[in-house]
Amino acid sequence: MLVLTRKKNESIIIADNVEITVVEISKGHVKLGIKAPRHVSIHRKEVYDAITQENIQAAKVTAEDIIKLKNIFKKGGDGK
Amino acid sequence: MKINTDKFGEIEFDEGSVIEFIDGLLGFSKNKKYVLINAQEDASFRWLQSLEDAALAFLVVDPAIFKPDYDVKLDDDIKRELEITSRDDYITLVILVVDKNPLESTANLLGPLVINVRNKKARQVVLTNTGYTTRHKIIGSGK
């Protein structure tokens, strides 16, 4: 990991078109401003990781699993 | 068009029905093209089958069947990217994880799939400040 020290209002440029600026520094947290092309997605890491993990779990679901699930919904499973 | 799939064998589909996820799904960024397949005769559960990986398919469902008040607000960037101008332009699906105990199955409400039904462009959207989770129990939670 490249570690750089920045002061408030200083920036970092990545790959010519992503710019990260330190907008505000407070006790315990830093506010970052990010400029990037629209097609570049930006996520808080913990959210990105949670969704990725869930996607990976979901990719393991089998055709048999769905049979179990449909039976429950047919019984009028109380999810509505 | 025909492709081979692990779960369904060879399937046939219309080229116009191919859905393109601009950045793929989170964690699966290299797989961008999918088709929706009905799971047996019941169209409320469907599979999102990758065209680029025969083994990759996600069980998806319309969230309204278990959470009618689920509301996905799209920001302007997403609307622009997917060319969405009205509510009729798109559908929302959520990915399911079926647990060993099917009563514990969950839906990812934090990262729904938004698909423009006209041009088939899609994205897995990350919702912020909504309180939705990646593991919403779909059965027995009441709401």
Side-chain angles (χ1 to χ4, degrees), chain A residues 1-2 11-24 26 28-80, chain B residues 6-8 22-29 31 39-42 44-48 50 53 55-61 64-68 77 80-81 94-103 105-108 110-111 123-128 133-135 137-143:
Chain A
M1 187 190 294
L2 175 65
S11 295
I12 293 167
I13 299 220
I14 298 169
D16 288 345
N17 57 9
V18 174
E19 181 175 344
I20 303 177
T21 307
V22 178
V23 167
E24 195 182 292
S26 308
H29 62 258
V30 166
K31 195 180 275 188
L32 300 172
I34 303 146
K35 277 192 212 155
R38 280 202 203 112
H39 65 268
V40 173
S41 60
I42 300 167
H43 301 297
R44 290 172 177 73
K45 183 167 195 300
E46 63 279 7
V47 172
Y48 178 91
D49 284 348
I51 294 180
T52 297
Q53 274 319 299
E54 217 52 30
N55 283 350
I56 290 170
Q57 281 307 112
K60 297 177 186 166
V61 171
T62 65
E64 291 74 43
D65 288 331
I66 196 191
I67 295 168
K68 293 187 225 162
L69 201 55
K70 280 153 76 71
N71 287 339
I72 289 169
F73 266 88
K74 283 208 177 105
K75 283 183 195 151
D78 167 41
K80 302 186 177 77
Chain B
D6 282 12
K7 289 181 170 62
F8 316 105
I22 297 161
D23 285 334
L25 299 188
L26 269 60
F28 295 89
S29 57
N31 300 77
Q40 302 171 323
E41 72 293 337
D42 182 352
S44 46
F45 290 99
R46 292 190 276 183
W47 290 95
L48 188 70
S50 167
D53 180 348
L56 186 63
F58 296 95
L59 186 60
V60 296
V61 75
I65 69 169
F66 61 88
K67 191 163 176 53
D77 282 341
R80 197 166 19 226
E81 181 188 63
V94 293
I95 297 176
L96 298 183
V97 174
V98 180
D99 193 83
K100 277 190 265 307
N101 173 4
L103 293 172
S105 299
T106 58
N108 183 349
L110 189 64
R123 179 176 271 291
Q124 181 168 33
V125 173
V126 177
L127 300 182
T128 51
T133 69
T134 53
R135 291 195 192 153
K137 285 224 181 91
I138 61 178
I139 290 160
S141 57
K143 293 257 170 339

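Below, chain A is the first sequence line, B the second, and so on; all start at residue 1.
The minimum heavy-atom distance between A:His43 and B:Val126, with the atom names listed, is CE1-CG2, 3.2 Å. Nearest heavy atoms, A:Ala58 versus B:Phe58: CB-CD2, 3.8 Å. Across all non-hydrogen atoms, the minimal contact from A:Ala63 to B:Trp47 is CA-CZ2, 3.8 Å.
Contacts of B:Thr128 with chain A are made by side-chain atoms alone, with heavy-atom separations under 4.5 Å and no backbone atom involved. For B:Ser105, the part sitting under 4.5 Å from any heavy atom of chain A is the side chain, from C-beta outward, and nothing else. With a 4.5 Å cut-off on non-hydrogen atoms, B:Leu25 touches chain A through its backbone and its side chain both. Heavy-atom distances place the side chain of B:Thr106, and not its backbone, under 4.5 Å from chain A. Within the 4.5 angstrom heavy-atom criterion, atoms from both the backbone and the side chain of B:Leu96 approach chain A. Contact of B:Leu103 with chain A is made through backbone and side chain together, with heavy-atom distances under 4.5 Å.
The stretch residues 44-57 of chain A places A:Arg44, A:Val47, A:Tyr48, A:Ala50, A:Ile51, A:Thr52, A:Glu54, A:Asn55, A:Ile56, A:Gln57 near chain B, each with some heavy atom under 4.5 Å from a heavy atom of that chain.
Applying the salt bridge (charged side-chain N to carboxylate O under 4.0 Å, His left out) rule to B:Asp23 yields the partners B:Arg123; only residues at least two apart in sequence or on another chain are considered.
At a threshold of 4.5 Å between non-hydrogen side-chain atoms, the residues B:Arg80 and A:Arg38 count as touching.
Atom CD1 of residue B:Ile22 and atom OG of residue A:Ser41 lie 11.0 Å apart, to the nearest 0.5 angstrom.
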